[in-house]
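Worksheet for the structure shown next.
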Amino acid sequence: MDNELLIYNTLKRRKEIFKPIHEGRVGMYVCGPTVYGKAHLGHARSAITFDTLFRYLKYLGYKVRYVRNITDVGHLVNDADDGEDKIAKKARTEKLEPMEIVQEYTDYYHRCLEEMNVLPPGIEPRATGHIIEQIQTVQKILDSGYGYISNGSVYFDVKKYAGDHNYGELSGRKIEDLLSNTRELDGQQEKHSPLDFAIWKKASPEHIMHWPSPWSEGFPGWHLECTTMSCKYLSENFDIHGGGMDLIFPHHEAEIAQSVAAFGHQSVNYWMHNNMITLNGQKMGKSLGNAIALDEFFSGNHSLLEKAYSPMTIRYFMLTAHYRSTLDFSNQALQAAEKGLDRLLKAFKTLNKLKSSSSSGSAIDVKKLKSKCFDAMNDDMNTPIALSHLFEGVKIINSIADNKETISANDLEEMKSLFSTFIFDLFGLKIQEENKTDIKPYEDAVNLLLQLRLEAKQNKNWATSDKIRDELTKAGFDIKDNSDGFSWELKK
RNA sequence: GGUCGGUUGGCCGAGCGGUUAGGCAACGGUCUGCAAAACCGUGUACGGCAGUUCGAACCUGCCACCGACCUCCA
């Protein structure tokens, strides 16, 4: 395999060599969350998947403009709910301003992502901040003839579009199938066809989020924001558009149709979609009621969780599966991830303490290992494979530390660089540092006890030494003896 | 019902025609006053039935089961 990055393009249903539109630069747009509730594991997967891509593209030397939106208006709850806005609904039930809801859950989202070391995007536009631009897009679609006005709302004419273009290209759907499978739902009389979707929706009197427009006092349609904002910040043509697989239809399909209608051509070269997190084999989702919020993982405060899982454990867990595969949540899987991560990070610490030997050769072909790791990344970001190669390295690091193998000075340096690049720069993992100053007094107390134990041991007073160890263990410490005396940490 | 995807060892999860994926657990060993931890080593697998092939987890067909999307969704 060569050095080219292969990306699976949903639009083509195959891996393609990644070639940016402008040499050295990448424009990337990723669908962010609708901020009407706490972000859950699924949101984390999308964020981490594209964060990893962002990091890798930057590592490859690209200048990346990364745009990830916040949807704070425009997604309808469902047709049965009379087209009430998700944000507005939540606001009414909690008697808060819609923007308070938006702020709360946006902050929550940011906090969780930061804890998981997800880099912030370069631009994070909000739908409500781009009403004027969206109105302009609606007008363009009307001008092109693919939109129609009905009772103050503006709809996208899917049938007409499908006559001229390939509607369903991304999701592999055929318009006839869609038509035959569509249920007649209430409140759709305004539409010419059930397939049509709103690009501007007239607000009902009880609707509290609305803006003036040439057609009505209302709000922008469900899919319009991404078309509009990606165009605004990345232009009518950009490289990568990402999001969860559940967005392929209708959201991304609609985006394509809107772009073609508004600009005369598609905007996106590579469509990338991460797969779902499952719980007992079922998709985890807010509407399914089986979503576990991120802070619940961090605190362990959820009936399905046996313990707390650190943000880094969650991040690492995501990396153990390919982004296009479903990943099944379970306590066992998460605990395996926790231990695996621990082992990897410990090996990194060990690596930095290793001494090279000048006389004998190296137990390891670092160049080969390195190229295997990068081959995996270049193959549609295969992080589990890259990880498996890293663990080959771990084995060798440990053998060297055990004086069973040797490594040359050059190889040692390369190895350090390889591990640090992958663990920290590309995978975005970090070593959790405890705040030593806060715990100094009790740390001293524990050390004192263990010092007494060490003296007891030296006097072969096993009863006392074991008592101290057992009691501290009971109190929640992990005590380990080693050649330097002892070490301890709080039980995980 | 339509479209698409999946079914891998105790668990998670790669592989997509021949060579050990990897992690976790299990077992054996090293170390240790005893432990713990750490490290080293080892095993078990490709949903079923046919077919193609010198050779199939990987290709083809049929069957079974599961899921996603078809409605807001990461």
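Keep in mind it's a predicted model, so treat the numbers as computed, not measured. The figures that follow rest on heavy atoms only: side chains count, while hydrogens, waters and symmetry mates do not. Naming convention: chains lettered A, B, ... in sequence-line order (proteins, then strands); numbering from 1 in each chain.
- A/L327 comes within contact range of the sugar-phosphate backbone alone, with a heavy-atom separation under 4.0 Å but no base atom that close.
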- Readout for nucleotides 28-40 of chain B: B = base within 4.0 Å of protein heavy atom, S = sugar-phosphate only, - = neither; 5' to 3' it is -----BBBBS-SS

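- Looking only at atom types and distance, the side chain of A/H130 has a donor-acceptor partner in the side chain of A/Y233 under 3.5 Å away.
- Taking only side-chain atoms of A/A336, from C-beta outward, the nucleotide of B/C12, B/C24, B/C69 with the closest atom is B/C24.
- Straight-line distance from the CD atom of A/Q332 to the C1' atom of B/G10: 8 Å, rounded to whole Å.
- Residue contacts shown for A/D328 are limited to sugar-phosphate atoms, with no base heavy atom under 4.0 Å away.
- Within 4.0 Å of A/G32, counting heavy atoms only, lie sugar-phosphate atoms of the nucleic acid but no base atom.
- In the set B/C70, B/A74, B/A68, B/A74 carries the atom at the smallest distance from any side-chain atom of A/I277.
- Remark: the A/Q332 side chain and the A/E306 side chain contain no N/O donor-acceptor pair separated by less than 3.5 Å.
- Using atom P as the reference point in both B/A37 and B/C11, the two lie 24 Å apart (nearest Å).
- Relative to the six-membered ring of A/Y36, A/K286 meets both conditions, a distance below 6.0 Å and an angle of at most 45° to the axis.
- Rounded to the nearest Å, the gap between the C1' atom of B/G22 and that of B/G29 is 22 Å.
- With C1' as the reference atom, B/A50 and B/A64 are 15 Å apart, rounded to whole Å.
- Ring-plane geometry between A/F477 and A/W488 is classed as perpendicular, the angle between the planes exceeding 60 degrees on a 0 to 90 degree scale with a lower cut at 30.
- Among the candidates A/Y66, A/Y270, A/Y29, the single residue satisfying the ring pair (Phe, Tyr, Trp, His ring centres under 6.0 Å) test with A/H241 is A/Y29.
- Annotation: side chain to side chain contact (heavy atoms under 4.5 Å, CB included) contacts of A/T383 (sequence neighbours excluded): A/T52, A/L319, A/M377, A/F427.
- Between B/U7 and B/C46, the two P atoms lie 14 Å apart (nearest whole Å).
- Going from the C1' atom of B/G47 to that of B/G9 covers 14 Å, rounded to whole Å.
- Atom pair A/F197:CZ and B/C70:P shows a separation of 14 Å (rounding to whole Å applied).
- The separation between A/H252 atom NE2 and B/C72 atom C1' is 14 Å, rounded to whole Å.
- The cationic group of A/K307 lies under 6.0 Å from the six-membered ring centre of A/Y309 and within 45° of the ring axis, placing it in a cation-pi geometry.
- The gap from the C1' atom of B/G15 to that of B/G23 amounts to 15 Å, rounded to the nearest Å.
- Using cut-offs of 30° and 60° for the angle between ring planes, the A/H273 and A/W271 rings count as parallel.
- Nearest-nucleotide assignment on RNA chain B puts the 5′-proximal partner with A/A333, out of A/H43 and A/A333.
- When base pairs are accepted only as Watson-Crick or G-U wobble with both N-N or N-O distances under 3.5 Å, RNA chain B takes part in stems of 3 or more pairs at B:1-7 with B:64-70, B:10-12 with B:22-24, B:26-30 with B:38-42, B:47-51 with B:59-63.
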- Message: One pair to check against side chain to side chain donor-acceptor pair (under 3.5 Å): A/D107 and A/Q103. What are the steps and the verdict?
- Response: CA-CA 6 Å; A/D107 288 349; A/Q103 192 68 48; 3.2 Å; yes

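- Nucleotides B/A35 and B/U42 have their C1' atoms positioned 25 Å apart, rounded to a whole Å.
- A cation-pi contact, defined as under 6.0 Å to the ring centre and within 45° of the axis, is absent between A/R68 and A/F50.
- Rounded to whole Å, atom P of B/A25 lies 15 Å from atom CG of A/N331.
- One donor-acceptor pair, N or O on each side, does fall under 3.5 Å between the base of B/C72 and the side chain of A/K86.
- One interatomic measurement links the two molecules: CG of A/L429 to P of B/G23, which rounds to 16 Å at whole-angstrom precision.
- A cation-pi arrangement is found for A/R324 relative to A/Y8, the charged atom lying closer than 6.0 Å to the ring centre and inside a 45° cone about the ring normal.
- Listed by first and then second residue, the ring pair (Phe, Tyr, Trp, His ring centres under 6.0 Å) pairs involving residues 316-344 of chain A are A/F297-A/F329 (not counting sequence neighbours).
- Residue contacts for A/G42: at a heavy-atom cut-off of 4.0 Å it reaches a base atom on one of the strands shown.
- The distance from atom OG of A/S180 to atom CG of A/L178, rounded to the nearest 0.5 Å, is 8.0 Å.
- Counting only distance, with no hydrogens or angles, the side chain of A/N9 and the backbone of A/M272 share no donor-acceptor pair below 3.5 Å.
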- Given A/E253 and A/H223, is the side chain to side chain donor-acceptor pair (under 3.5 Å) satisfied, shown in steps? CA-CA 9 Å; A/E253 198 71 71; A/H223 316 297; over 6 Å; no

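- What separates OH of A/Y105 from P of B/A74 is a distance of 14 Å, to the nearest Å.
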- Task: Give the B/S/- string for nucleotides 14-21 of chain B, one per nucleotide from 5' to 3', where a protein heavy atom under 4.0 Å of the base yields B, of only the sugar-phosphate yields S, and otherwise -.
- Result: SS-----B

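- Atom CG of A/L279 is separated from atom C1' of B/A68 by 16 Å (rounded to the nearest Å).
- For the P atoms, the distance from B/G13 to B/G6 is 14 Å, rounded to whole Å.
- Counting any heavy atom pair closer than 4.0 Å across all strands shown, A/M276 reaches a base atom.
- Look at CZ on A/F329: it is 12 Å from P on B/G13, rounded to the nearest Å.
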Got a list of protein N/O to nucleotides 1-4 of chain B N/O distances below 3.5 Å?
unit_1 : atom_1 : unit_2 : atom_2 : d
B/G1   : N2     : A/N181 : OD1    : 3.0
B/G1   : N2     : A/N181 : ND2    : 3.4
B/G2   : O2'    : A/D177 : OD2    : 3.4
B/U3   : O2'    : A/G172 : O      : 3.4

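- Side-chain contact annotation: A/T71 with A/N69, donor-acceptor N/O pair under 3.5 Å present.
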